[in-house]
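Working notes, beginning with the structure itself.
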Amino acid sequence: MKFSIKRGSPSGRSWGDVDKDRLWRLLSTGLKEGVDGAREAVREMYAVVKADIGPDLPQADCWGPHHEITEDGALVLSRGGYRRGLLGTGTRRMVSPGLFRVTAPAPRGGRAPRRRPGP
């Protein structure tokens with residue numbers, strides 16, 4: 001499996017339903033086997049990577065997963081994972097309201113709220 005980064009359509013799947021151990025196993029195996037895109041996928045997947053990204057990278061040096069991996073190896077931003085990471089670190093105040101709104105779950109009825117005009 002080759003890893004790629006899919007931009008544009010974040011996943012609305014519940015973060016609790018994402019198997020975080022599976023994410024690590026796929027990426028770790030990819031690093032050890034030299035799979036195309038594995039290093040970039042680790043860099044994209046985790047908010048913080050404290051060591052050099054290579055075959056011996058320990059899971060303990062990776063924090064804040066916020067993507068999902070599809071069956072074809074594409075990394076897709078997870079709204080739930082992204083929000084969990086922001087709320088868990090207290091960085092919510094440092095993120096623009098517009099960016100946070102993009103990651104917010106869609107309201108019931110499937111329609112996004114109308115944006116108010118700026119000042």
Side-chain angles (χ1 to χ4, degrees):
M1 168 190 341
K2 177 182 173 182
F3 291 102
S4 62
I5 299 168
K6 183 177 176 186
R7 304 203 190 275
S9 298
S11 167
R13 184 176 170 197
S14 169
W15 189 238
D17 293 340
V18 176
D19 182 355
K20 276 66 100 188
D21 290 331
R22 176 184 170 271
L23 298 176
W24 173 251
R25 281 193 312 271
L26 290 170
L27 293 171
S28 177
T29 301
L31 287 172
K32 289 176 182 162
E33 295 177 359
V35 173
D36 286 343
R39 287 176 186 262
E40 294 80 9
V42 169
R43 195 174 299 120
E44 184 74 19
M45 172 67 71
Y46 295 99
V48 177
V49 179
K50 298 187 293 184
D52 290 333
I53 299 174
D56 299 327
L57 178 67
Q59 185 176 10
D61 284 345
C62 301
W63 179 87
H66 52 278
H67 284 70
E68 299 173 28
I69 300 177
T70 63
E71 295 300 320
D72 64 352
L75 269 73
V76 179
L77 179 66
S78 169
R79 287 180 180 176
Y82 184 77
R83 293 190 79 202
R84 176 66 56 105
L86 287 177
L87 295 173
T89 60
T91 56
R92 166 67 172 94
R93 286 173 272 152
M94 296 188 296
V95 177
S96 72
L99 179 60
F100 198 74
R101 193 177 308 115
V102 167
T103 65
R108 291 186 183 165
R111 299 182 108 189
R114 295 184 89 183
R115 295 185 78 170
R116 295 181 195 165

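Just so it is clear, the values below take in all heavy atoms, side chains as well, and ignore hydrogens, waters and symmetry mates.
- Residues passing the side chain to side chain contact (heavy atoms under 4.5 Å, CB included) test with T70 are D72, A74, V76, sequence neighbours excluded.
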Chi angles and distances behind the side chain to side chain contact (heavy atoms under 4.5 Å, CB included) call for L75, E68 | CA-CA 6 Å; L75 269 73; E68 299 173 28; over 6 Å; no
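- Side-chain contact check for S78 versus H66: every heavy-atom pair is 4.5 Å or farther apart.
- Interatomic distance, S14 OG to R79 CZ, rounded to the nearest 0.5 Å: 13.5 Å.
- In this structure, the separation between NZ on K6 and OG on S11 is 9.5 Å, given to the nearest 0.5 Å.
- Each of L23 and L77 belongs to its own hydrophobic cluster when Ile, Leu, Val, Met, Phe, Trp and Tyr are linked at side-chain heavy-atom distances under 4.5 angstrom.
- For the atom pair CZ of F3 and CG of L31, the computed distance is 8.0 Å after rounding to the nearest 0.5 Å.
- In the hydrophobic clustering of this structure, Y46 does not group with Y82; members are Ile, Leu, Val, Met, Phe, Trp, Tyr whose side-chain heavy atoms approach within less than 4.5 Å, directly or through other members.
- At a threshold of 4.5 Å between non-hydrogen side-chain atoms, the residues L57 and W24 count as touching.
- A salt bridge is defined here as a Lys NZ or Arg NE, NH1 or NH2 lying under 4.0 Å from an Asp or Glu carboxylate O, and E44 with R39 fails to meet this definition.
- No more than 12 heavy atoms of other residues, nucleotides or ligands lie within 6.0 Å of CG in D52, so this atom counts as exposed by the packing criterion.
- Under the side chain to side chain contact (heavy atoms under 4.5 Å, CB included) criterion, R25 pairs with D19, D21, R22, sequence neighbours left out.
- Here CG of L27 is found 11.5 Å from NZ of K32. Values are rounded to the nearest 0.5 Å.
- For the pair K20 and W15, the tightest heavy-atom approach, listed with the atom from each and the gap, is NZ-O, 2.7 Å.
- Annotation: K2, atom NZ; neighbour count of heavy atoms from other residues, nucleotides and ligands within 6.0 Å does not exceed 12.
- Residues I69 and V49 are members of one and the same hydrophobic cluster, defined by side-chain heavy-atom contacts under 4.5 angstrom among Ile, Leu, Val, Met, Phe, Trp and Tyr.
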